[in-house]
2 protein chains.
Amino acid sequence: MKTRDKIIQASIELFNKQGERNVTTNHIAAHLNISPGNLYYHFRNKEDIILSIYEEYARNLLLDTFPKVSPEIKPFDAVILYMDAVFQALMKFRFFYVNLPVLLAKNPVLREKYVEVQYTITERLTEMLNALRDADMMIFDEEELPDIVSILRLINTFWLSFYQTQNENAEINDSVFYGGVLKILVMIRPYITDSAMDDFLAARKMYRERYNEALSLA
Amino acid sequence: MKTRDKIIQASIELFNKQGERNVTTNHIAAHLNISPGNLYYHFRNKEDIILSIYEEYARNLLLDTFPKVSPEIKPFDAVILYMDAVFQALMKFRFFYVNLPVLLAKNPVLREKYVEVQYTITERLTEMLNALRDADMMIFDEEELPDIVSILRLINTFWLSFYQTQNENAEINDSVFYGGVLKILVMIRPYITDSAMDDFLAARKMYRERYNEALSLA
DNA sequence: AATCTTTTTGAGTAAATACTTTAGAACTAA
DNA sequence: TTAGTTCTAAAGTATTTACTCAAAAAGATT
């Protein structure tokens with residue numbers, strides 16, 4: 001692996017474990033047994049590392065794995081895939097989401113890229129819910145849709161932060177992931193039509209089982 | 001005003017304006033034209049200041065203004081009062097909520113007090129929703145209630161953070177507050193019974209008007 | 001082998017930061 | 001008035017932190 005990539009991987013690891021604030025460029029270099037000068041040969045500064053992490057990894061994870069609405073994919077599966085993509089990014093780059101407002105305030109370029117991704121997510125999520133409505137699986141007022149999408153994004157974005165405020169040094173494992181998915185399901189349940197309710201309850205049952213399983217393994 | 005109080009007030013102001021991370025004890029002292037030594041006479045360190053802000057101000061704002069369920073207060077008004085208390089605290093101590101996971105991770109005593117307050121809020125909010133259900137104004141599965149309460153707290157806690165990630169250097173005014181209230185109303189609408197829907201829609205209408213008014217003033 | 005380019009080292013620095021210490025001023029109560 | 005207590009100033013210091021730079025090592029090209 002190239003030094004540049006090693007720096008990025010080590011940074012993600014250390015940031016997640018110790019918090020971005022507590023990890024200095026010198027720490028990262030020491031962790032990799034390279035010199036600070038070497039690190040600064042590859043990155044202009046610490047912000048540049050964070051920006052690169054988002055730009056080269058998180059951004060792509062979010063956008064590429066996002067399911068497109070298409071005839072081949074059933075609407076409900078699309079939602080499942082969506083949750084997978086979002087929560088996966090959330091777990092892998094948790095240092096980022098746990099400190100989101102501070103990091104974005106400090107780095108306008110990062111904010112710009114973040115807002116751009118969020119805009120795309122909003123669009124795709126809206127398409128997705130509209131597809132579910134067209135398939136008579138969900139029902140909601142047209143005027144409510146933007147707010148529902150907003151709340152779903154809010155839950156996604158801050159689920160891990162919320163979890164961490166409640167649970168002291170709790171290990172981050174799959175149960176946290178499934179716990180987040182279950183919250184999303186609670187949120188959308190009232191909008192599920194009778195005809196789709198069986199499908200919905202089956203999906204919820206599956207995630208509850210996975211949640212309990214992950215809990216017992218931890 | 002005593003020096004100790006001046007330090008607390010100035011800290012709240014500077015933390016909110018510039019972010020806790022960017023405000024040092026020396027900055028606070030300089031802002032007040034006192035010496036660093038003076039500041040350290042009143043507080044052991046910066047964490048001690050943050051802890052005192054939460055303990056002496058935010059905590060009490062949250063707990064004291066929280067409406068108790070009582071025969072004199074109509075259930076729906078209780079929810080309105082609840083939202084007022086929570087969002088008011090959110091605005092006044094926004095530096096705290098915008099950086100919540102990091103601050104709590106760094107300071108276990110703070111976390112303990114925070115979790116304690118959250119526990120009380122969960123209890124009161126549960127009482128409140130139960131009262132609304134008993135008054136036939138809301139309907140929900142008993143098993144769903146804890147999750148609904150959780151999501152409401154999540155929206156409350158991170159509404160401002162979410163807002164800030166979306167809107168660059170946007171001024172924090174009343175429209176942000178009302179925007180948060182409206183999100184809460186979207187969240188609970190599906191659980192409102194037919195008999196209470198008129199009351200609910202009237203409340204929503206009022207908050208929408210206030211929201212638009214605050215927006216046009218900004 | 002010689003030359004050029006890329007990568008890496010490691011010692012080093014300037015600035016920032018959290019915090020200390022000593023001494024004296026101001027207030028308080030007998 | 002005096003003795004005790006509380007408060008404040010001023011001048012620090014030890015550490016951390018982000019970042020630099022000259023020179024050497026490693027790699028590529030001809």
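Below, all heavy atoms of this structure are taken into account, side chains as well, without hydrogens, waters or symmetry copies. Each chain gets a letter, A, B and so on, in the order its sequence line appears, and its residues count up from 1.
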Strand contacts (DNA chain C) in residues 22-32 of chain A, 4.0 angstrom heavy-atom criterion: none
Below 4.0 Å from chain B heavy atoms, what is the first contacting nucleotide of DNA chain D and what is the last? D:dT6 to D:dA10
What pairs of donor and acceptor atoms, side-chain ones from residues 91-107 of chain B against any protein atom, are under 3.5 angstrom apart with sequence neighbours left out?
| unit_1 | atom_1 | unit_2 | atom_2 | d |
| --- | --- | --- | --- | --- |
| B:R94 | NH1 | B:M91 | O | 3.0 |
| B:N107 | OD1 | B:V109 | N | 3.3 |
| B:N107 | OD1 | B:L110 | N | 3.3 |

Closest approach of A:Y163 to A:E171 (non-hydrogen atoms, all atoms of both residues): OH-O, 4.2 Å
Without swapping roles, check the side chain of B:H31 against the backbone of B:I28 for a donor-acceptor pair under 3.5 Å. no
For a quick test of reading the model, state the closest non-hydrogen atom pair linking A:Y178 to A:R210 and the distance between them. OH-CD, 3.4 Å
What's the shortest heavy-atom distance between A:L152 and A:I188, and which atoms? CD2-CG2, 3.9 Å
Looking at B:R208 and A:E143, is any side-chain nitrogen of the basic one under 4.0 Å from a carboxylate oxygen of the acidic one? yes
Just to verify, what does A:I80 make a side-chain contact (heavy atoms from CB on, under 4.5 Å) with, not counting sequence neighbours? A:M83, A:Y207
Can B:T165 and A:Y114 be counted as having a side-chain donor-acceptor contact under 3.5 angstrom? no
Establish, from distance only, whether the side-chain atoms of B:S175 and B:N173 form a donor-acceptor pair under 3.5 Å. yes
Could you pull out all donor-acceptor pairs under 3.5 Å where a side-chain atom in residues 43-50 of chain B meets a protein atom, sequence neighbours excluded?
| unit_1 | atom_1 | unit_2 | atom_2 | d |
| --- | --- | --- | --- | --- |
| B:N45 | OD1 | B:E47 | N | 3.2 |
| B:N45 | OD1 | B:D48 | N | 2.9 |
| B:K46 | NZ | B:E20 | O | 3.1 |
| B:K46 | NZ | B:E20 | OE2 | 3.3 |
| B:K46 | NZ | B:V23 | O | 2.8 |
| B:D48 | OD2 | B:R44 | N | 3.0 |

Does anything in residues 33-47 of chain B reach DNA chain D, meaning a heavy atom under 4.0 Å, and if so which residues? B:N33, B:I34, B:S35, B:G37, B:N38, B:Y41, B:H42
